[in-house]
Enquirer: 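The following block contains the structure, expressed as structure tokens.
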Amino acid sequence: MGQSYLLSPNKIYLCQKNGIFVKNQAGHEPGIRFIMEFTITSKDSKSSARTGILTTDHGQVESPFFMPVGTCGAVKALHIKELHDDVGAQIMLSNTYHLFLRPGSGTIAKAGGLHRFNGWDRPILTDSGGYQIYSLADIRKFTENGVVFQSHIDGSKHTFTPEHAVDVQRQLGADIIMAFDECTPYPCEEDYARKSMKRTHRWLKRCLEHFGHTECSHGYTQALFPIVQGSVYPDLRKESAETIASSDAPGNAIGGLSVGEPAKMMYEMTDLVCSILPADKPRYLMGVGTPANILESIALGIDMFDCVIPTRNGRNGMLFTRDGIINIKNEKWNEDFAPLEPGGDLFCDTGYSKAFLRHMFIAGEMLAPMIATMHNLGFYMWLMKEARKQIIAGNFSAWKNKMVVKLMQRL
RNA sequence: GGACUGGUAGUUCAGCUGGUUAGAAUGCCGCCCUGUCACGGCGGAGGUCGCGAGUUCGAGUCUCGUCCAGUCCG
């Protein structure tokens, strides 16, 4: 390829280039390291929205941002080059659970880490596998030590502990790795939510401890983000947020939401947790969400998002546009020869008509999910960029209120 | 001209010895998908069972006629 997506993994160079030498966050000093930096660049006056810049060994990311989900190391239906050049994603997410089972974290370690394996040279965040075990594994048993689960691929039995989750993510080499947590379902009894949350907190302690004693297999600096749990119970959420805040991590995540609870409840929990988590560190709302969810959550102080909606729903024929939501499989688009997104930046926005994309879907052509995925991710990137612009311009709240109504419309 | 086989949803077919609102697959139409799913999940519409007559309490199912398609024989 004319342009290399593989970054030379020269830690010393990167450290000196950034000029910051600090201890790692667990306080141990196995070697001098560069720690993740988050700089807030502007704040909205009417909401908790802010813009910032997150610096990693694989470059900087402007926040608030959205991370496309590349479960198995790639965003389905997209070339890495397309994700990089066309969609313009700043950072991608991948899954520890999936990569651990296939091809195996050892294989990826041999390749030189996930960046070298898939050719993505920008930052990567890996989910720890807690959520996937919760939602995917056929059989699973949570114990104090960790989780015993059966693979959804071949039924093989595995044990995942907090230490193991850190080790695997060290091997994968993501820039941001997640603590091993238990995601509780909705609804969830308060008693179970409390027990689960406390265990997640104990697991976090073990994750941090192990993280402090280990290093990335590939010479990059990694940051470990802890995760707030507590289901939909304000007292639990408060307690969890305080515990997570006290770990003084370079970034903090909110988990256990968008699992079926009403959106209002999700916002209330997010708002409460954001008021407790440190304001000078990035806040990551895991698994969210729809364009409207994202804008509302930015207003509450969230900086980072990931969700399968633009990709998975795209593959199933749902398009997100600046005017609202389209089910491109509907008959009414059959002879609509207008472009997918007039005024869109991507070649697929103006290069393909609704009628053509509908035809591709109805005919079962592979190009259909490819176009829809690229379009939807392009739209999400546009939405985030626009949100950052509006925050900087001091007009975020008004813009957000207008957009939320528009973006939820069914066309 | 004769014999045989078959004619059941848009399509390909299933319906045992006649018995409740005729099924499946696929297609069509719509909905869903929030740290898992590239061909996924759910729902809906759609048939006077070629046509006509008969037997029977009751026929997609039996009988006769007729039309159509296919195969074979002359």
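Numbers restart at 1 for each chain; the letters A, B, ... are given by sequence-line order, proteins then strands. Note: hydrogens, waters and symmetry copies are ignored here, and every other heavy atom, side chains too, is used.
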Enquirer: Considering only distance and modelled atom types, tabulate donor-acceptor pairs under 3.5 Å from the side chains of residues 352-366 of chain A, sequence neighbours left out.
Expert:
from	atom 1	to	atom 2	distance (Å)
A:Ser353	OG	A:Phe356	N	3.0
A:Lys354	NZ	A:Pro339	O	3.2
A:Arg358	NE	A:Asn334	OD1	3.3
A:Arg358	NH1	A:Lys329	O	2.4
A:Arg358	NH1	A:Asn330	O	3.4

Enquirer: Are any side-chain N or O atoms of A:Asp57 and backbone N or O atoms of A:Thr221, one a donor and one an acceptor, separated by less than 3.5 Å?
Expert: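 Looks like yes, one N/O pair under 3.5 Å.
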Enquirer: Select from A:Lys332 and A:Gly130 the residue whose nearest nucleotide in RNA chain B is closer to the 5' end of that strand.
Expert: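 The residue closer to the strand's 5' end, by nearest nucleotide, is A:Lys332.
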Enquirer: Distance between the P atoms of B:rG15 and B:rA24, in whole angstroms?
Expert: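 Taking atom P in both B:rG15 and B:rA24, they lie 15 Å apart.
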Enquirer: Which nucleotide in the set B:rG30, B:rG35, B:rC32 lies at the smallest distance from any side-chain heavy atom of A:Glu331?
Expert: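 For A:Glu331, the side-chain atoms sit closest to B:rG30.
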Enquirer: Can you tell which of B:rU34, B:rG30, B:rG35 lies closest to the side chain of A:Asn330?
Expert: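 Closest nucleotide to the A:Asn330 side chain: B:rG30.
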Enquirer: Rounding to an integer number of Å, can you tell me how far A:Asn327 CG sits from B:rC33 C1'?
Expert: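 Rounded to whole Å, this separation is 12 Å.
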Enquirer: Just by distance, no angles: are the side chains of A:Arg206 and A:Asn145 close enough, under 3.5 Å, to form a donor-acceptor pair?
Expert: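 Yes, because at least one side-chain N or O of A:Arg206 sits under 3.5 Å from a partner of the opposite role on A:Asn145.
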Enquirer: Nearest whole angstrom, please: distance from the C1' of B:rC29 to the NZ of A:Lys329.
Expert: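 The answer, rounded to whole Å, is 12 Å.
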Enquirer: What nucleic acid atoms does A:Gly260 come within less than 4.0 Å of, heavy atoms only: base, sugar-phosphate, or nothing?
Expert: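 No contact at all - A:Gly260 keeps every heavy atom at 4.0 Å or more from the nucleic acid.
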Enquirer: If I pick the P atom on B:rU8 and the same atom on B:rC51, what distance separates them, to the nearest angstrom?
Expert: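 Comparing P positions in B:rC51 and B:rU8 gives a spacing of 10 Å.
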Enquirer: Does A:Asp306 reach a base, just sugar-phosphate, or nothing at all? Heavy atoms under 4.0 Å.
Expert: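 The answer is sugar-phosphate, as A:Asp306 gets under 4.0 Å only of primed atoms, P, OP1 or OP2.
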Enquirer: To the nearest Å, give me how far apart CG (A:Leu172) and P (B:rG35) are.
Expert: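 My rounded result for the distance is 19 Å.
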Enquirer: Do A:Asp181 side-chain and B:rG35 base share a donor-acceptor contact under 3.5 Å?
Expert: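 Under the 3.5 Å cut-off, the side chain and the base do form a donor-acceptor pair.
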Enquirer: Any base atoms under 4.0 Å from A:Glu296, or only sugar-phosphate, or nothing? Heavy atoms, all strands.
Expert: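 No contact.
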Enquirer: Does A:Thr71 put a side-chain nitrogen or oxygen below 4.0 Å from OP1 or OP2 of B:rC37?
Expert: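 Yes.
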Enquirer: Take atom C1' in B:rA14 and the same atom in B:rG23, then report the distance between them in whole Å.
Expert: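 So the two C1' atoms sit 7 Å from each other.
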Enquirer: In whole angstrom, give the distance that lies between atom CZ of A:Phe180 and atom P of B:rG35.
Expert: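 Rounded to the whole Å, the gap is 16 Å.
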Enquirer: Just checking, any donor-acceptor pair under 3.5 angstrom between side chains of A:Gln222 and A:Arg170?
Expert: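 Yes - a donor-acceptor pair under 3.5 Å links their side chains.
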Enquirer: Establish, from distance only, whether the side-chain atoms of A:Arg388 and A:Thr51 form a donor-acceptor pair under 3.5 Å.
Expert: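 Judged by distance alone, the side chains do not pair up.
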Enquirer: How many Å lie between CD1 on A:Ile326 and C1' on B:rC31, as a whole number?
Expert: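 It is 17 Å, rounded to the nearest whole Å.
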Enquirer: Can you run down the salt bridge (charged side-chain N to carboxylate O under 4.0 Å, His left out) pairs that involve residues 390-405 of chain A, sequence neighbours left out, and say none if there aren't any?
Expert: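 Pairs touching residues 390-405 of chain A that pass the test: A:Glu296-A:Lys400.
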Enquirer: Provide, to the nearest angstrom, the distance between the CD1 atom belonging to A:Ile294 and the P atom belonging to B:rG35.
Expert: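 About 12 Å, once rounded to whole Å.
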Enquirer: Between B:rC31, B:rG35, B:rC33, which nucleotide has the shortest distance from any of its atoms to the side chain of A:Asn316?
Expert: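 Looking only at heavy atoms from C-beta outward on A:Asn316, the closest nucleotide is B:rC33.
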Enquirer: Could you give the distance separating B:rG27 and B:rU11 at their C1' atoms, to the nearest angstrom?
Expert: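 That atom pair is separated by 7 Å.
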Enquirer: In whole Å, measure the gap between the C1' atoms of B:rA45 and B:rG10 for me.
Expert: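 Taking atom C1' in both B:rA45 and B:rG10, they lie 12 Å apart.
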Enquirer: Measuring to OP1 and OP2 of B:rU34, would you say a side-chain N or O of A:Arg312 lies under 4.0 angstrom away?
Expert: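 For B:rU34, OP1 or OP2 has a side-chain N or O of A:Arg312 closer than 4.0 Å.
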Enquirer: Can you tell me which nucleotide in B:rG35, B:rG40, B:rC33 comes closest to the side chain of A:Met286?
Expert: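 Nearest to the side chain of A:Met286 among the choices is B:rG35.
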Enquirer: Check the side chains of A:Thr96 and A:Asp127 for a donor-acceptor pair under 3.5 angstrom, ignoring hydrogens and angles.
Expert: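 Absent: no donor and acceptor within the cut-off.
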Enquirer: For A:Arg358 and A:Asn293, take the nucleotide of RNA chain B holding the closest heavy atom to each; which residue's nucleotide lies nearer the 5' end?
Expert: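 Closer to the 5' end of RNA chain B: A:Arg358.
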Enquirer: Taking only the side-chain heavy atoms of A:Gln229 (C-beta and beyond), determine which of B:rC37, B:rG35, B:rC31 contains the nearest atom.
Expert: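 The answer is B:rG35, which lies nearest to the side chain.
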Enquirer: Mind checking the C1' distance from B:rG60 to B:rG18? Whole angstroms is fine.
Expert: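 That atom pair is separated by 10 Å.
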Enquirer: Could you state the CZ-C1' distance from A:Phe225 to B:rG35, rounded to the nearest angstrom?
Expert: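 Checked: the CZ to C1' distance equals 14 Å.
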Enquirer: Using distance alone, with no hydrogens and no angle criterion, decide if A:Glu182 and A:Tyr192 have a side-chain donor and acceptor under 3.5 Å apart.
Expert: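 Note: A:Glu182 and A:Tyr192 side chains meet the donor-acceptor criterion.
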Enquirer: Do A:Asp167 and A:Gln171 have side chains that get closer than 4.5 Å, going by heavy atoms?
Expert: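 A:Asp167 vs A:Gln171: side chains apart.
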Enquirer: Which part of the nucleic acid, if any, lies within contact of A:Ile362, taking any heavy atom under 4.0 Å across all strands shown: a base, the sugar-phosphate backbone alone, or nothing?
Expert: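 Since only primed, P, OP1 and OP2 atoms lie under 4.0 Å of A:Ile362, the category is sugar-phosphate.
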Enquirer: Taking B:rG41 as the reference, what is the distance to B:rC33 when you measure between their P atoms (whole Å, please)?
Expert: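 Nearest-Å result for B:rC33 against B:rG41 at atom P: 16 Å.
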Enquirer: Could you give the distance separating B:rC62 and B:rG74 at their C1' atoms, to the nearest angstrom?
Expert: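 Approximately 32 Å lies between the C1' atom of B:rG74 and that of B:rC62.
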Enquirer: If you only use heavy atoms from C-beta on, which nucleotide in B:rC32, B:rU34, B:rC29 is closest to the side chain of A:Val308?
Expert: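 The closest nucleotide is B:rU34.
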Enquirer: Expressed as a whole number of angstroms, how long is the span from A:Leu367:CG to B:rC39:C1'?
Expert: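 In whole Å, B:rC39 C1' lies 14 Å from A:Leu367 CG.
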Enquirer: Identify all stems in which RNA chain B takes part, counting only runs of at least 3 consecutive pairs (Watson-Crick or G-U wobble, each distance under 3.5 Å), and give each as one range with another, ordered by first number.
Expert: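 Stems found: B:1-7 with B:67-73, B:10-13 with B:23-26, B:28-32 with B:40-44, B:50-54 with B:62-66.
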Enquirer: Indicate whether any N or O donor in one side chain lies under 3.5 Å from an N or O acceptor in the other, for A:His375 and A:Thr373.
Expert: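 Absent: no donor and acceptor within the cut-off.
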